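Report on one structure; see the data block that follows.
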Amino acid sequence: MASVSSQPQFRYTQPPSKVLHLRNLPWECTEEELIELGKPFGKVVNTKCNVGANRNQAFIEFADLNQAIAMISYYASSSEPAQVRGKTVYLQYSNRQEIVNNKTTADVAGNVLLVTIEGQDARLVSIDVLHLVFSAFGFVHKITTFEKTAGFQALVQFSDAETATSAKNALDGRIIPRYLLSENIAPCTLRITYSAHTDLSVKFQSHRSRDYTNPYLPVAPSAIDGSGQFSLGLDGKKLEPESNVLLASIENMQYAVTLDVLHMVFSAFGPVQKIAMFDKNGGVQALIQYPDVQTAVVAKEALEGHSIYDGGFCKLHISYSRHTDLSIKVNNDRSRDYTIPNPAMVNPQPSILGQQPVQTVGAPGAHQYNGTQYAPPHLQPSAGWASGVPAVPQSAPGQMTSYPYMPPASMPQMTPAGMMQMPAHSGVPPAGAVPPYRPNPM
DNA sequence: AGCACA
């Protein structure tokens, strides 16, 4: 059809069409909002949003040409511009006569997301960081990563399309929080569409793919180091062997760090089974046991080098322990087994989470524990883990999905800079203070 | 703030 492109695009005198072209739409405008906008002028028979490179353009197609003319005419003379969510949108006749809705796979909601990580250092974003980011919205079953012409991409599999959609809506176009990345990594933007996949095939745990439903999946040969032990690190770097038990040493411990504080901090990433605290080299150390390695990896990655309190106080240094199952002989203020199915015995004041825990911490920063402002959603699920119920392993997706994941409405407002705040990854939980992570507090 | 895509 020669008629489409025979005219230059940038013209104010587009001939009338049933189809209107809208631009300057707010972020992720919905079809419903387009219909609302056009409804006063006639019958909207079709819409298409998220059009254009910035995905801030849209089309509205009316049943009748006169209706489109009515809308254009109205706003041409109106003192109030057309608005969506308070943002002025600009209208003109489209150079097309109808909307062709090529619903591509990328538009059809599914449980698997195709994530493109944009940025200079996109390749340096580890699968663990992706896992952390997407876990805020529900249990992540599997992740695969790969490089294509589009760049560094990942497929992220959720239980269902609803969960995937909430993640997509919240994360598409946002950048990965800086505090989740090494300081020298350039900003990485996430572009997210749906994938046509429904179930990813992950044969090995490796630094390119993970199956979180099956922690016993063999580890890829490429991820096994010379000592026969495996390491799945950032960018494939060799690391100490991973373990489900973390060894945390607390540096600059100006303020008491209690068992309950540690439990709360580490529960943000999954159920904590056992904790043992002890003194070593004049400092305090703790062993924290998770049911599986994956959870420990995520916790270590998020917490390493960060301080529990503002000002660099109680800075955590975390490594993997060689232990896999701690032997807790007695539950006291230095050691606890949260898996013993007798809450009363285990924890006389069980729900330390969700309430106002740890008032005993005599730190200036302690007041931060009170606020709900930074309660990471993961603390909510972990509250359920806290009271001695046998911990649900990460490998039980069926149960994981029932966790009270953060409803979309509770996503915090985006800052003007477009930074996303990811409460789940405010990971460092109670310390919550404003920026939740201070990689270099000194 | 200027016309869609596998």
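Chain letters run A, B, ... following the sequence lines, proteins first, then strands; residues in each count from 1. Below, all heavy atoms of this structure are taken into account, side chains as well, without hydrogens, waters or symmetry copies. All figures in this text were calculated on a predicted structure; none of them were measured in a lab.
- Counting all heavy atoms, side chain and backbone alike, A/L91 lies closest to A/L22 at CD2-CG, 3.3 Å.
- Note on A/R23: every side-chain N or O is 4.0 Å or more away from OP1 and OP2 of B/dC3.
- Nucleotides of DNA chain B nearest to A/T105 and A/Y90 differ in position, and the one nearer the 5' end is that of A/Y90.
- Rounded to an integer number of Å, the gap from CG of A/N101 to P of B/dA6 is 13 Å.
- Going from atom CD of A/E98 over to atom P of B/dC3 covers 19 Å, rounded to whole Å.
- Listed by residue number, A/K48, A/V51 are the residues of residues 41-51 of chain A with a heavy-atom contact under 4.0 Å to DNA chain B.
- For the pair A/Y75 OH and B/dA1 P, the computed distance is 18 Å after rounding to whole Å.
- Comparing B/dA1, B/dA4, B/dC3 by their nearest atom to the side chain of A/V100 picks out B/dA4.
- The CG-P distance, from A/L22 to B/dC3, rounds to 13 Å in whole Å.
- As a whole-Å value, the separation of A/Q57 CD from B/dC3 P is 5 Å.
- In summary, A/K203 and A/D211 do not engage in a salt bridge, as defined by a charged side-chain N under 4.0 Å from a carboxylate O.
- What you find for A/C29 and A/L25 is that their closest heavy atoms are SG-CD2, 4.1 Å.
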Identify each donor-acceptor pair in which a side-chain atom of residues 35-52 of chain A lies under 3.5 Å from a protein atom, sequence neighbours left out, and give them as a table.
unit_1, atom_1, unit_2, atom_2, d
A/E36, OE2, A/K39, NZ, 3.1
A/N46, OD1, A/N101, ND2, 3.0
A/T47, OG1, A/E31, OE1, 3.2

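- Taking atom CG of residue A/L25 and atom P of nucleotide B/dA1, one finds them 11 Å apart after rounding to whole Å.
- At distances below 3.5 Å, not a single donor-acceptor pair connects side-chain atoms of A/T295 with backbone N or O atoms of A/Y290.
- Relative to the side chain of A/N24, the nucleotides B/dA4, B/dC3, B/dA1 differ in distance, and B/dA1 lies closest.
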Please set out all donor-acceptor pairs under 3.5 angstrom arising from side-chain atoms of residues 146-154 of chain A, sequence neighbours excluded.
unit_1, atom_1, unit_2, atom_2, d
A/E147, OE1, A/R123, NE, 3.3
A/E147, OE2, A/R123, NE, 3.2
A/Q153, NE2, A/T116, OG1, 2.8

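- Rounded to a whole Å, the OH atom of A/Y194 is 19 Å from the C1' atom of B/dA6.
- Salt bridge present: A/E118 and A/R191 bring a charged side-chain N and a carboxylate O closer than 4.0 Å.
- In this structure, A/K148 places its NZ atom 12 Å from C1' of B/dA6, rounding to the nearest Å.
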